[in-house]
Amino acid sequence: MDRAFRFFLSYHFILFFYVFYYLIISYFSNEFDSLHFYEIVLKVNSGDILYADYNVWYGPHLIFFLNFLKLLNLTNYNFYIFLGLIQNIVLAYIIFKINNHFYNDKALSKSVFVLGLFCINPMVNNFYWDYYALIFFFTSFYYYLKNDYLKSGFFGSFIFFLKQTQGVFFIFFILFLFFYDLLFKKKNIKNYLIYFLIFSLFQFIIIGMFYDINDYLYNSIYFIFGYSESLFGSKLQTIALIILKSSFLQVDQITIFSKDFFRHKTLILFYLIFILGFHLWAISFILKLKRNILSEKFIYFFFIFVVSCLMTSLIGRGYLSKIFIIFIFTLDLIYNNKYLYEKLYKKILFSYTILSIIFISLISLKNFNNEFIRYENNKFLSIPKSFFQDQDLYNSTKDLKNYIYKKKLENIFVFGNSSRLAVILNNIPTMNYNLYFYITWQPSEILEFKNKLFNDLKTKQPKTLIYSNKERKT
């Protein structure tokens, strides 16, 4: 019995189970984000050129990588599902390694690894910028802890060029590290900053060698931060929102303990499993502030908090996209109080880990009995009915998708997200330059969306125009 129990807790079985779980989720719970990413893959595979034929907010580094995969003929949608699996395992492994730097506890390490697999990216079951950028964030911090500033600076220099919001948070983080080490550790890490700046400059040079640097600045820096301001409001509102979200006092526009909060049973469970431990940990930390700030683990917890702040870029995508590594605060709370229940410590860790996985699995598999729109030649390329706000929109998109497939249409220009989905689900790219169809996202001082759309139409002169009567926000 003990041998069987140990097998189920072994890393080999955990990885085997996670691969099986990941494939199930990828088939039954696909996200729009996965299709948007694949839309860019289709653009690259068709030979379209960045900034000439289409726009991507997240810069040329992604396109360099996709072109490299194209040379290797790794262009199938299933390959990007596989890359997403590797991405998630790598993220869990790095946070496991970082955790081991501060704790010498095998049971705790196993919980961190398992929860890392299921929590850091529980919804976008694909290779995706919000998560592959985290690999560089985590790796840079890991090498910082090992005092390998050259490697830390190298990995850190990529982050802004992979996901701008993460890059901004990372810059604030390394500035904090610099002053913290200077004041409390009496250690000067200026070499780290020098390496980071040199490698960052090198990234700009690489971009300038292949693209007009002004195109990059406009499309991936000016535009994205203008979009953030247009979406969240003024800078003051944005700061207030970041504080509320990063402290988990508000989740998906619902303030904790408000009337709306108590109407959502799932949100209450989410709070009890993932957020309550963080709030209790924070109270405990503040009560012993002076001692805790000087503790070696303070840097670790500040790192976790900074990564948790990154969820503000995922507003509106459901509870699960907000977890990242917030669970580590709860695990630390359990670890610090194990003297109260020493004999039960491992069982409590195990129970918390299993409870978290069950909750995540049930939410992720909410579409298990749902209807889907699927590509005939690859059933993983799909979108669930639950994504659509109403039955008419779902039916309209499904009819469009089937019509495109039946008529074998190509060279398609679309006028909104519904028709855009219908094209992607046929495994073909749109001809559009702009891949973002929410007009409220377009900052008026940067982009006159409608004029750009129709000028693009005149330039491309497509064979087919696709528009759904049920298009939203277009």
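Just so it is clear, the structure is predicted and the values come from calculations on it, not from any experiment.
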Participant: Find out whether I120 and I325 are in side-chain contact, i.e. whether some heavy atom of one side chain is under 4.5 Å from a heavy atom of the other.
Facilitator: yes
Participant: Just by distance, no angles: are the side chains of S364 and S29 close enough, under 3.5 Å, to form a donor-acceptor pair?
Facilitator: no
Participant: Is N432 reaching over with its side chain to a backbone N or O of N434, donor-acceptor style, under 3.5 angstrom?
Facilitator: no
Participant: Is there a donor-acceptor pair closer than 3.5 Å between any side-chain N or O of D332 and the backbone N or O of I328?
Facilitator: no
Participant: Which label fits F79 and F82: parallel for a plane angle under 30°, tilted from 30 to 60°, or perpendicular past 60°?
Facilitator: tilted
Participant: Once the angle between the rings of Y18 and F118 is folded into 0 to 90°, is it parallel (under 30°), tilted (30 to 60°) or perpendicular (over 60°)?
Facilitator: perpendicular
Participant: Identify, with sequence neighbours excluded, every residue that meets side-chain contact (heavy atoms from CB on, under 4.5 Å) alongside D48.
Facilitator: K43, S46, D53, Y54
Participant: Using the test ring-ring contact (aromatic ring centres under 6.0 Å, His included), find all partners of Y132 that sit at least two apart in sequence or belong to another chain.
Facilitator: F127
Participant: Looking at F301, Y300, F303, which hits ring pair (Phe, Tyr, Trp, His ring centres under 6.0 Å) with F102?
Facilitator: Y300
Participant: State which residue, out of N45, I404, L42, fulfils the side-chain contact (heavy atoms from CB on, under 4.5 Å) condition with I428.
Facilitator: I404
Participant: Say whether, by atom type as modelled, one donor and one acceptor occur between the side chain of D456 and the main chain of Y433 under 3.5 angstrom.
Facilitator: yes
Participant: Could you check D33 against Y128 for side-chain hydrogen bond (donor to acceptor under 3.5 Å, both in side chains), going step by step and ending with a plain yes or no?
Facilitator: CA-CA 8 Å; D33 303 78; Y128 195 66; 3.0 Å; yes
Participant: Less than 3.5 Å apart, any donor N or O on the side chain of N427 or Y38 sitting next to an acceptor on the other?
Facilitator: yes
Participant: If we only count heavy atoms from C-beta on, is the D130 to L134 side-chain gap below 4.5 Å?
Facilitator: no
Participant: Would you say the side chain of F138 lies within less than 4.5 Å of the side chain of V307, judging by non-hydrogen atoms?
Facilitator: yes
Participant: Looking at CZ of F329 and CZ of F278, how far apart are the two atoms once the value is rounded to the nearest 0.5 Å?
Facilitator: 5.0 Å
Participant: Honestly, is K385 close enough over Y394, meaning NZ or CZ under 6.0 Å from the six-membered ring centre and within 45° of the axis?
Facilitator: yes
Participant: Would you call E376-K401 a salt bridge at under 4.0 Å N-O?
Facilitator: yes
Participant: For S152 and F141, indicate whether the former's side chain and the latter's backbone hold a donor-acceptor pair under 3.5 Å.
Facilitator: no
Participant: Suppose we screen for side-chain contact (heavy atoms from CB on, under 4.5 Å). Which residues come up paired with F64, at least two apart in sequence or across chains?
Facilitator: P60, I206, F210, Y211
Participant: Roughly how far apart are S220 OG and Y58 OH, rounded to 0.5 Å?
Facilitator: 9.5 Å
Participant: Between the main-chain N or O of F136 and the side-chain N or O of S140, is there a donor-acceptor pair closer than 3.5 Å?
Facilitator: no
Participant: Could you tell me whether the side chain of Q164 and the main chain of I221 form a donor-acceptor pair under 3.5 Å?
Facilitator: no
Participant: What's the spacing between I89 CD1 and Q87 CD if we round to 0.5 Å?
Facilitator: 10.5 Å
Participant: Once ring-ring contact (aromatic ring centres under 6.0 Å, His included) is applied, do any residues pair with F199, and if so which ones, sequence neighbours excluded?
Facilitator: F154
Participant: Under the side-chain contact (heavy atoms from CB on, under 4.5 Å) test, which residues partner I24, sequence neighbours left out?
Facilitator: F20, F28, L365
Participant: Indicate yes or no: at least one non-hydrogen side-chain atom of F137 is less than 4.5 angstrom from one of F173.
Facilitator: yes
Participant: So which atom in I135 and which in T139 form the shortest heavy-atom distance, rounded to 0.1 Å?
Facilitator: O-OG1, 2.6 Å
Participant: Taking the six-membered ring for Trp, are W129 and H36 closer than 6.0 Å centroid to centroid?
Facilitator: yes
Participant: Taking the side chain as everything from C-beta on, heavy atoms only, tell me whether K151 gets closer than 4.5 Å to Y195.
Facilitator: no
Participant: Parallel, tilted or perpendicular: which describes the rings of Y192 and F196, with under 30° parallel and over 60° perpendicular?
Facilitator: parallel
Participant: Given the side-chain rings of Y77 and Y375, with only the six-membered ring counted for Trp, is the space between their centroids under 6.0 Å?
Facilitator: no
Participant: Give a yes or no answer on whether the side chain of N121 reaches the backbone of N88 with a donor-acceptor pair at less than 3.5 Å.
Facilitator: no
Participant: Would you check if the side chain of S26 reaches a backbone N or O of Y22 as a donor-acceptor pair within less than 3.5 Å?
Facilitator: yes
Participant: For F113, check side-chain contact (heavy atoms from CB on, under 4.5 Å) against everything at least two apart and list the hits.
Facilitator: Y11, I14, L15, A92, Y93, F96, L117
Participant: Tell me the closest heavy-atom pair linking L23 and F380, and the distance in Å.
Facilitator: O-CE2, 3.7 Å
Participant: Taking the side chain as every heavy atom from C-beta outward, state whether C119 and F274 have any atom pair closer than 4.5 Å.
Facilitator: yes
Participant: Which heavy-atom pair separates G59 from Y216 by the least distance, and what is that distance?
Facilitator: CA-CE1, 4.1 Å
Participant: So, Y144 and D181: side-chain donor and acceptor under 3.5 Å apart, yes or no?
Facilitator: yes
